[in-house]
Visitor: 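The structure is given below, and queries will be raised subsequently.
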Number of protein chains: 2
Amino acid sequence: MNKINKKTEYALMALKYFSDNTQGPVLVSAKDLAEKTHTPFDVIARVLQALSSRGILKAEYGVSGGYQLVKNLEDITVYDLMNILESSTELAKCLGSETSCELSSTCTIVSPITNLNHRVQNFYKSISLAEVLHV
Amino acid sequence: MNKINKKTEYALMALKYFSDNTQGPVLVSAKDLAEKTHTPFDVIARVLQALSSRGILKAEYGVSGGYQLVKNLEDITVYDLMNILESSTELAKCLGSETSCELSSTCTIVSPITNLNHRVQNFYKSISLAEVLHV
DNA sequence: TTAAATACGATTAATTTTGACGTATATACA
DNA sequence: TGTATATACGTCAAAATTAATCGTATTTAA
């Protein structure tokens, strides 16, 4: 299918919100972001947690808590984001770690797929979120 | 996500078989290809039909029929193959023709996603199957 | 006429994605 | 010090997508 998933889309929305609103309050809660972006709270909350655990956002607990953007969008690639939020960044299932394919012993396209996979990943590594969001 | 589907994988196997066996008989049946590639007959049969309807293979009916590669792999791009066999080549659902997204009126990332989508598609258009398969 | 091939509509099974629920933990503030 | 509000996260259910199968029609060589 070649699609990014909803979580990655929601993350782009959230990150765009952060980078478009550098004037307002630094901390933005998941609830606020869900409202601003019109996305389901539970899902975007998970997304924010994931971004926070990977050092893109910083979380603050408690009543007036929320998230803060602590990394430069120039320094985050599309690949990074996919790596955090997609179930896998591999082009084919057989390339994902241990989950081997039943065809693997006879498969004739392991090296073609592996090669293409690298090219695709390098392509996504070459694009920063700043480039994507500041259009 | 970001994965190619089984049909595209099977197509790569089939096309590799054709391009690796230019000495043997020109016509290869779906049954033969299913055996050679260890893939389910019904599925690869559909794949071959699709490739044939798009002018990559030529089909011959009847008892000693089968398929023949009639296009140069240099002239088929990865994008072409995806376009034939993937349900969609768009990076996000909202970009696919009429199926509009319920967020579209408030969505803040339409143009970023659209832009990224073009870049991804151009990337896939820049790689030929010859490049991919002859590794 | 029969066997073996492509063509394709329709349906089922399997997998993945998306979203929701429940609960634990942390913190500001009255 | 209690309460409201925030993050954190395990688990599960619903929805959507992908993969595979079944059935039947059509074509053609022998």
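Every chain is numbered from 1, with letters handed out A, B, ... down the list of sequences.
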Visitor: Among A:L51, A:I127, A:T89, find the residue that satisfies the side-chain contact (heavy atoms from CB on, under 4.5 Å) test when tested with A:L81.
Guide: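 Passing option: A:L51.
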Visitor: Expressed in angstrom and rounded to an integer, what is the separation of B:R54 atom CZ from C:dC8 atom P?
Guide: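 One finds 13 Å between P of C:dC8 and CZ of B:R54, rounded.
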Visitor: Specify the separation, in whole Å, of atom CD1 of B:I44 and atom C1' of D:dA19.
Guide: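 B:I44 atom CD1 is separated from D:dA19 atom C1' by 14 Å.
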Visitor: Among residues two or more places apart or on two chains, list those pairs meeting side chain to side chain donor-acceptor pair (under 3.5 Å) that have a residue in residues 32-41 of chain B.
Guide: A:T106-B:H38, B:T37-B:T39
Visitor: Distance check needed: C:dA26 C1' versus A:K58 NZ, whole Å only.
Guide: 14 Å
Visitor: Taking for each residue the nucleotide of DNA chain C with the nearest heavy atom, is it B:D32 or B:S53 whose nucleotide lies nearer the 5' end?
Guide: B:D32
Visitor: So how far is it from B:R54 CZ to B:I84 CD1, rounded to the nearest 0.5 Å?
Guide: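 If I round to the nearest 0.5 Å, the distance is 4.5 Å.
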Visitor: Drop me the distance from B:Y124's OH to B:T77's OG1, to the nearest 0.5 angstrom.
Guide: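 Nearest 0.5 Å value for the OH-OG1 distance: 11.5 Å.
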Visitor: What's the separation between atom NZ in B:K3 and atom NZ in B:K6, rounded to the nearest 0.5 Å?
Guide: 11.0 Å
Visitor: Show which side-chain atoms of residues 8-17 of chain A pair as donor or acceptor with protein atoms under 3.5 Å away, not counting sequence neighbours.
Guide:
from  : atom 1 : to    : atom 2 : distance (Å)
A:T8  : OG1    : A:N5  : OD1    : 3.1
A:T8  : OG1    : A:E86 : OE2    : 2.6
A:K16 : NZ     : A:D20 : OD2    : 3.2

Visitor: Report the nucleotide, chosen from C:dT6, D:dA16, D:dA6, that has the shortest atom-to-atom distance to any side-chain atom of A:S29.
Guide: D:dA6
Visitor: Taking atom P of D:dA16 as reference, at what distance in whole Å does atom NZ of B:K3 sit?
Guide: 22 Å
Visitor: Quickly work out the B:L57 CG to C:dT6 P distance and round it to whole Å.
Guide: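 B:L57 atom CG is separated from C:dT6 atom P by 11 Å.
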Visitor: With sequence neighbours left out, what residues match B:H118 under side-chain contact (heavy atoms from CB on, under 4.5 Å)?
Guide: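 side-chain contact (heavy atoms from CB on, under 4.5 Å) check on B:H118 returns B:T114.
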Visitor: Taking only N and O in the side chain of A:S87, is any of them less than 4.0 Å away from OP1 or OP2 of C:dT17?
Guide: yes
Visitor: Please report the distance, rounded to the nearest Å, between CD in B:E9 and P in D:dA19.
Guide: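 Between P of D:dA19 and CD of B:E9: 8 Å.
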Visitor: Rounded off to whole Å, could you give me the CG-to-C1' distance for the B:L51 and C:dA7 pair?
Guide: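 Checked: the CG to C1' distance equals 14 Å.
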Visitor: Give me the distances for all protein-to-nucleotides 19-24 of chain C N/O pairs that come in under 3.5 Å?
Guide:
from   : atom 1 : to    : atom 2 : distance (Å)
C:dG19 : OP1    : A:Y10 : OH     : 3.3
C:dG19 : OP2    : A:Y10 : OH     : 3.1

Visitor: Among residues 108-121 of chain A, which contact DNA chain C at a heavy-atom distance under 4.0 Å?
Guide: none
Visitor: Under a 3.5 Å threshold, yes or no: a donor from one side chain and an acceptor from the other, between B:S52 and B:K58?
Guide: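 Side chains of B:S52 and B:K58: no pair found under 3.5 Å.
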Visitor: I'd like a list of close polar pairs between nucleotides 2-4 of chain D and the protein, N/O only, cut-off under 3.5 Å.
Guide:
none

Visitor: As a test of reading the structure: which of C:dT6, D:dA29, C:dT18 is closest to the side chain of B:S64, going by heavy atoms?
Guide: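 Side chain of B:S64 sits closest to D:dA29.
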Visitor: Between P on D:dT17 and CD on B:E90, what's the gap in Å once rounded to a whole number?
Guide: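 Nearest whole value for this atom pair: 14 Å.
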Visitor: Would you classify B:A30 as touching base, sugar-phosphate or nothing, given that sugar-phosphate means primed atoms plus P, OP1 and OP2, and contacts are heavy atoms under 4.0 Å?
Guide: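 Result for B:A30 = sugar-phosphate.
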